[in-house]
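Each chain gets a letter, A, B and so on, in the order the sequences are listed, and its residues count up from 1. The structure presented is a predicted model; accordingly, all values stated were derived computationally and were not measured.
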Amino acid sequence: MSSDRFLAHTAIGDFLEGLVQTGYTVYCPQKEPGVRQSVIFAPWQKGLPISLEKATVAPKHLVLPQSEVLFRYSKHKESAEPAKQSLTLDANEIFTPTLLFASRPCDARGFAILDRPFLQGLFRDPYYARRREALCVVSLTCPSGCATCFCHWTGAGPSSPEGSDILMTEIAEGFVLQGITDKGKELLLASKLPEAGEKSQEATKARKAAWQSLSPVQDLSTAPQKLAEIFADQAFWSQATQACLACGACTYLCPTCYCFNITDESLDGENEQGVRLRSWDTCMAKQFTEEASGHNPRPDKAQRMRNRISHKFSSYPENWGSFSCSGCGRCVTHCPVGLDIREIVLKAIHAKTAQQNEKETS
Amino acid sequence: MMNKTLCLNSALPTKDSNAPNFSQKVAALSQQAIHTCYQCGNCSAGCPAAFAYDLQVNQIMRAVQLNQEDLALSAKSLWLCLGCATCSLRCPNAIDVARVMETLRHLARQQNKITVPVVEKFWLSFLNCLRAFGRSYEIGTMVLYMLRSLRLTTDLDLAPQALAKAKLGLLPHTHAGRAAVGRIFTRFAESEAQSKRDKEASSCN
Amino acid sequence: MRIGVFICHCGSNIAGTVDCAQVAAKAALFPDVVYATDPMYTCAEPGQAAIEEAIHSHKLDGVVVASCSPRMHEPTFRKTVERAGLNPYMFEMANIREHVSWIGRDIEANTRKATELVRLAVEKLRHNRPLQAQEFPITRRVLIIGGGVAGIQAALDCADGGIPVVLVEREATIGGKMAKLDKTFPTVDCSACILGPKMVDVAQHPLITLYAHAEIEAISGYVGNFSVSIRQRTTYVDWSKCTGCGTCTEKCPSKKSYDHFNEGIAPTTAITIAFPQAIPKKAVINKDFCRQLNGKKCAVCAKVCPTGAIDFAMEDSFVTENVGSIVVATGYDLMDWTIYGQYGHGRYPDVITSLAYERLMNASGPTGGHIVRPSDGKEPKSVVFVQCVGSRDPAIGRPYCSGFCCMYTAKQAILTKDHIQDSQSYVFYMDIRAPGKMYDEFTRRAQEEYGTHYIRGRVSQIFPDGQGQLTVLGMDTLLGRPVEIKADLVVLAVGIEASRGARELAEKLRISYDAYGFFLESHVKLKPVETNTAGVFLAGVCQGAKDIPASVAQGSAAAAKVLTLFARETLASNPQIAQVTAKRCVGCGKCLRCCPFGAIKSSLVKGEEKAEVIATMCQGCGLCTATCPQGAIQLAHATDDHILAEVNALCRL
Amino acid sequence: MQLAYFPGCSAKGSSLDYELSTQAVMAALGITLKEIADWNCCGSTPAHAVSSLLSSALCARNLDLAARAGADLLATPCPSCLSNLKATSKRLEDASFRQKVNALLDAPCAETLPKTTSVMQAMAELVSLDELAQKAKLSLKGLKLVAYYGCLMSRPAELMQFEDPENPMLMERMLTALGAEMLDFPLKTACCGAAFGIPQRPLTAKNSGRILELAANLGADAIVTCCPLCQMNLDLRQAQAEKAMGRRFALPAPYYTQILGLALGLSPEDLGLAKLVVPMDGLLAKLTPKQAPLASEAPSSEVSE
Amino acid sequence: MPALANNELRIVGFLCNWCSYGGADTAGVARASQPTDLRIIRVPCSGRVDPLFVLKALLNGADGVLVSGCHPRDCHYGTGNFYARRRLEVLKRFLPILGIDPARFSYTWVSASEGQRWQKVVSRFTEEIHALGPAPRFEAVEPLAKACSWTQESKGPVSVISPELLEQLKKAIADKLPELDCVLGWQEGRDLLHSVPLFIRSEDDLTKLRCDATCHNNLVRYLPDLKGQKVGIIVRSCEARSVVQLLQEGLISREELVVFALPCQGLLDLPRLEEALGRYQRLEDLTLTETTLRLRVDGQERVFQTADFRQSRCEQCPGELPAIADQSFGDFSGQTASQTLPPELAFLDSLNLQERMGFWRACMERCILCHACRNSCPMCVCRDQCIAESREPHWQSAEASVKEKFFFQIIHALHLAGRCTGCGECQANCPVGLPIFALRAHLNRIVSELFDGYQAGCDPKAVPPLLTYSQEEAHIHERSWE
């Protein structure tokens, strides 16, 4: 039996409210006022309006919060014997079921990219794992491309199911919801939504149209190798990054960047106590690689940008077989100085290596 | 009164009803820092009426500091004060002594301790005329005062000259405001009576 | 860290309103605290010994004492922990006396507050690191400002101790107010006879450099190394040539100059030598009265001067002296009593100040020691002394007692009788303050032996009666009667105030002064001659009212402080100074711009401009730390982290 | 120039000459006094001796009348009236007191009340010493006078805002400008004994006596006054003072307006000189026609001293 | 520390060691009874008090903060309190824009002899704080998601540089280029609407130069990093002010700089334009005149009136060019600043204190701490040493809480006090559109009020007002504690 279901435009609120009732925390894109309109994934409550636009910030904070408490520590002692003290650690154990509604395939694909290092490597990150397990992703397929996104270059497209539990596609009166994973199918089956029936075909048509509207695909298959070849080409990287401000906008908006920092922060109280925090960090910042001695292996922004791009398009693919980029284009849209990762990667692919240069001159 | 040993300790029962808060009360009513008086005597030194006082101004201040209400309010000096404020001008502690004296005078009147009745009689005579005519009326005041004080020969020595120089208006001035002034006095009397009733009522509770 | 905490009872001073045991129990729970106790007196010998013992037995590497103000005992306890082998800067204090137990009576609230203040100190200490003082060489010379008896005493004691002295006096002669006095109480010995020899000693001492008729223009530097700019005010007489022969003063035709030295009781010449025993005995031209300097033809003095010392074109000049310490002995001035309209605003010639009266009685004064009325030159038979004129008068903002007026008034009453046998003196007083040795006996003598009428009360008004005498309206508060006296002469015991310009000088010296301009000592009882600026000491009335013996004693005390300071060749700098983390510094120079001491310079570190602190010049204000946006320059032990730790301890919940 | 004017009761009775001379002098100086209609007595000493509230209510009515007549400044010749008016203005700054006062009045008094001043100060504000001297017709040269202000003109100092409270000089400046020799008079602000002439004669007699005695000792030709009550004590009651002091003074005590009026060339009748009990004949005889421009003469003589 | 028992409130005092701490001692010695709420932190000098300490305390739960130093002219260190007076006054006036009641902060002067005054100050201040009650906590305040129109009635056109003028400029640069390491300008970015910085190092680079109303980046941001190189820069009025400010602070050297100045009528507000355009794939053509912007997008013609999309900061631009240009091109006349407030500031002004705090609270929930605001600011010269991220000094926790994020915004704003040249890059580059320029605009308003209309970057010879002092401050008045 097909798990495809139909969700009328007018029924979104009821559908979500039903999920909230069953214990989900539902995150939806919501438009926020500001000098620049932004769309943010925020907890939804009955009555709140929902935006179906692509969010300004990727939803990765649902699995990798901006900062999270790994554990609390506190030291205890008695007045009578102050020199003797004991230490207690207290880990964070609470993870609530979460449903992400109307993210985009590129957002969902971000989760798939994050899953590999966090879940499939030598070390399975328990914090990430618990959050990821508790998350159900409902993605809205894109009707078309946009000026900055390039998912189709990275091996995906406007309706890629990777990372999503449910894909939803907009048709005339509403959406067709299609279960991708068991988790997604179960959710749909358990819902009171009507079956999609023939509307499924309409959805398929819409997805095809979206694919066809895209700009021509650029072949990035040689990127891992080319980037490795020009790794030491300081001139290339300096030239490519001279406008970079070394802020973290690109990495913090990115659905696939997962650099973090771990710090202990003391909390004041009767006793000595504090928290160990994991918080977002950005490889674009100088402090990221600064060592305690003061030595910094990546002292300037060219080396840091090289690292970021090489990681996404060279070393990650070497380890995991796919780019660590879902092509969402947020880094391009929001870079204060308009640095365009597409342009840098393409330039790298077409750059002459040192050997080639040597050959030509000889 | 002046020669009696004073009992400064309120724990001892005494006929002199010395309110323990008298000093604070006077300070509050006069808005003057009574406690800063250090008895230099400058108020008395410059006082034009000092020679006629039974208790010097600085002694009155001292009595207030020590909460000697009876002593302070029974002083004839209160009624002989000319109100010239020389004491206030010269006080090194910037106490408006004249205002303290006036406050004490008001308190004494409230307690019916009018130790120089002629002065009060003169004032009341003046105010009676004022109530009746709206403006002061010297002959009227004099006549009323003489009747009240039974000092029928007051200033008789001046009469010939005063009359010759037409110094005293023989008839009260006439003006339209007299009725309005009369009403002020009436309301004032009512408010005085009311506050007296209020006081009595509160003291009964 | 291993921190020990000592909560002092200070007898009942703290324990009376703070539960010290509870504070100690709470403190034991604070991070890194391994020992906490509450001794009775922490600063006493057993208390200090207990700290040392605890450092050893509990292996403490930091100590917090909660007791009185650190302004009082911080140095004491630093020495204590140092004796036990700790770095003296691994110590912090919590002020739970002046800031807690003495200002509130709620034991619960006080205990809570004391606990939190201890927490602050612990948090601060946790960020402390051992600091090492640097030794720096010092200039072993002393500047003494003011050549009155206190300054003279300090100068002679320092010079006799082998320290070169620079003595700066504003007037043309040293001697100060004491030089104007006729006799001194309670011995009634001649002021000139006891002060004169000391003045001569100053002039003759090889180690004393005297700048008279000079003022302090500017002071920079710090303890051990001050640089002082002295303005030598023009005298129009080249003192290197002037022999003090006095010919000029005899011939000067401008004979109506105001005589400052003689308090204006008689006019003098435009060129003067203050008095016959003046040191230096040099002539000075009063510009306001000199004919030549006011565009008239004269120059008589120049013509008669045998050494050609007169120089009408002379201008102020400046000298710079480097010294290691400064003694301030600027004394006092009389307040402007003419604000009193009731005493005639100064309109009545026979109402004079006590200091003018001294000049009237003084054998070297204009009247040759004959007491006469300024108005008509007649001998007064009825003399009224009025005390507390401008003292103890809150209405004009002078609530303080001038200290010595009671005594000199008694002296003047006695001397009046000595001078004029058939005179009668009256003294209006409020209280007689005569606590010194032989003082009260002296005031009794004035009454018992010399028949002076002491009248307890103030004087309301003084005015001429139109018949050649003054009417004094007063009060005898003992009698309870106003009194009136016909006086031939009225002498006002005018209150003192800080010497004019005292506030400006304080600002140059960076020392504090009270509401009345008297300089503030470091501790009212225990550091009476020190100031808050290291190396600057106080002597005499500039610190507060005092009589001659007290001024002399303080002059010697200040000299002793100077000699103590100079007992070493070098001084240890305060290591609580700013330090630059070169890595964080972006070389913007904002700290250089703000530093009040020029203690930060720019230097190249690996080719980049970075701030660098000159350790011996930094005074530890921390302005640079507050100015540096990237926190690259940090004041040791008042770093951002120190203060944040304190803020967080208080605020973060 | 126009000035709102509160004459005070004495003006219509015992000090008619003050009123006459004030009116005449002001007219001669080109200032019109506009009497506020329907004014009432300020309550004088008796009212405030009995109650500040009563005193203030009486004064508030007058201030209110002036405010409603559009005055922003109200002048009165009488220091006692002025003192009461000023004290009232001050007390009315307290909202609760104002409420109590309003309760005694027919209608609440105006929110903004006029400022008050003495005629003397107003005159000095409006007419400079130079102008005064220019308008003079007779010289006061040769007259030795003392100025007597009494206590209320300058006290309490913060309230009255009149010169140096210990040594006011306004009358001295005016009369010096007209040629008179003004003697330093230390008792110029001493109390004359006030209204106690009636109930406690010795108080007045002794205090007035002391003032008159000093003036006489200083050799004054007259003691110049500015307060109706003081003037009465020094003039009408001079005989009582003489008795108290045991000596004769025969010292005229004219109002300053009368002296100014004489210098301005007004007639004795216009100035009500006949009302003075101690006659001024000797003094009148000393007046001379003006010669040199007095204004420039007076200050220059000051400088040279 | 646990919450305070009884009725005490959390009041923190910063007292200078020499005067006020001594004054508090004197009060103690005189047994002058005082409320028990205040806790004193001893600092060497009031000049040591970084305004950020006060904000740290206020954000972290203090109900009141008091700073007390030596009386002006009596500073133990000579001038510390003069600086403190300026900085603390700016701080006091800054608080309301954050939604903090300025009455919760006070600063005063108490000398070591003034025990009575200290008693009065403590009693009065404590009384005032009690009257205000416990301070609202930033993290607990109700978020206020209030929308407003950020657009502003515009009257001006936007910049269009004529081809002739552009050629003239290019030629001048080409002439100068041989002696320069590079020249900073703009070029077309990912499409015609999006311009990006251009580093001209060769004649070839020069051909890409573009200087129209789409060029929003403030190139001055790059100058401090290029110190030691000889650099040319194209500036308009806003960039010129930034150059002047950096020169004043000695962060760039005039000798190393060649300034090419262009007139500017105004720039396009790209975020708003993008919002109006909506999602598009290809921008095929762009024609810009002073009044109209024509675009062909995905085959469709779109026309916009430039006046509707002029940047609001261009309304406040004083227009005139500070005297630093080496070469000027075109006509600089005819531009004047409007007296209107920036829309962000006008909006915040219209809110009450509680609403403002709620508004910022909502904003901070969106802030991702990407630091684009800071890193695009030409005046943020600390670069990699920002105290918001350093561990020593440890000003901020790494926790991404609304409170910590807000404190970062406060650090940035306060460090710009008297220095912000109003280019608006901070706000323009915020990915989530936070109106943080309001904080700077408010500070600029304060600085202008306090220091005789001072505007950062207008006078190359001026000293930034918080880096200097005057003994008598015309517009800072000591408060009375009576």
Side-chain angles (χ1 to χ4, degrees), chain C residues 256 258 264 267 288-289 294 335-352 373-376 382 384 386 389-390 393-398 458-475 481-490 492 494, chain D residues 144-151 153-158 160-170 172-173 176 181-193 202-203 206-207 209-223 244-249 251 302 304-305:
Chain C
K256 281 191 173 175
Y258 183 83
D288 297 340
F289 294 92
N294 285 286
M335 58 84 66
D336 176 16
W337 71 273
T338 63
I339 61 165
Y340 287 107
Q342 60 266 47
Y343 301 159
H345 282 317
R347 297 198 303 275
Y348 316 138
D350 296 333
V351 178
I352 62 172
R373 296 180 2 141
S375 61
D376 55 10
S382 163
V384 171
V386 183
V389 177
D393 191 345
I396 58 159
R398 294 172 185 276
R458 270 196 188 266
V459 168
S460 173
Q461 198 179 0
I462 302 164
F463 58 93
D465 66 355
Q467 295 171 319
Q469 279 188 304
L470 293 157
T471 302
V472 179
L473 301 181
M475 175 70 190
R481 281 280 171 269
V483 292
E484 184 174 325
I485 298 170
K486 294 282 179 194
D488 296 318
L489 184 67
V490 176
L492 306 178
V494 176
Chain D
K144 282 187 180 175
L145 305 174
V146 295
Y148 174 71
Y149 297 84
C151 37
M153 196 69 171
S154 59
R155 286 200 295 268
E158 318 76 65
M160 300 308 284
Q161 296 293 313
F162 182 80
E163 305 257 304
D164 171 359
E166 289 283 6
N167 188 25
M169 291 294 285
L170 186 49
E172 277 88 341
R173 289 199 296 276
T176 307
E181 182 190 344
M182 300 306 294
L183 306 173
D184 184 12
F185 190 53
L187 293 182
K188 60 172 77 168
T189 64
C191 179
C192 64
L203 276 180
K206 280 206 173 172
N207 279 297
R210 177 195 274 289
I211 292 160
L212 287 163
E213 184 176 48
L214 182 62
N217 283 351
L218 291 170
D221 294 325
I223 178 164
M245 303 307 288
R247 69 177 267 203
R248 208 166 138 59
F249 303 127
L251 190 65
E302 264 179 353
S304 69
E305 271 168 28

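With C:Q461 contributing its side chain and D:A190 its backbone, the two residues share no donor-acceptor pair below 3.5 Å.
One distance of note links OG1 of C:T471 with CG of D:N217; it measures 9.0 Å at 0.5 Å rounding. Rounded to the nearest 0.5 Å, atoms CG (D:L218) and CD (C:Q467) are 9.0 Å apart. Annotation: the span from D:D184 atom CG to C:F463 atom CZ amounts to 11.5 Å, rounded to 0.5 Å.
Neither the backbone nor the side chain of C:Y340 comes within contact range of chain D; no heavy atom of the residue lies under 4.5 Å from a heavy atom of that chain. At a 4.5 Å heavy-atom cutoff, C:I339 makes no contact with chain D through either its backbone or its side chain.
Heavy-atom neighbours of D:R248 CZ from other residues, nucleotides or ligands within 6.0 Å: at or below the threshold of 12.
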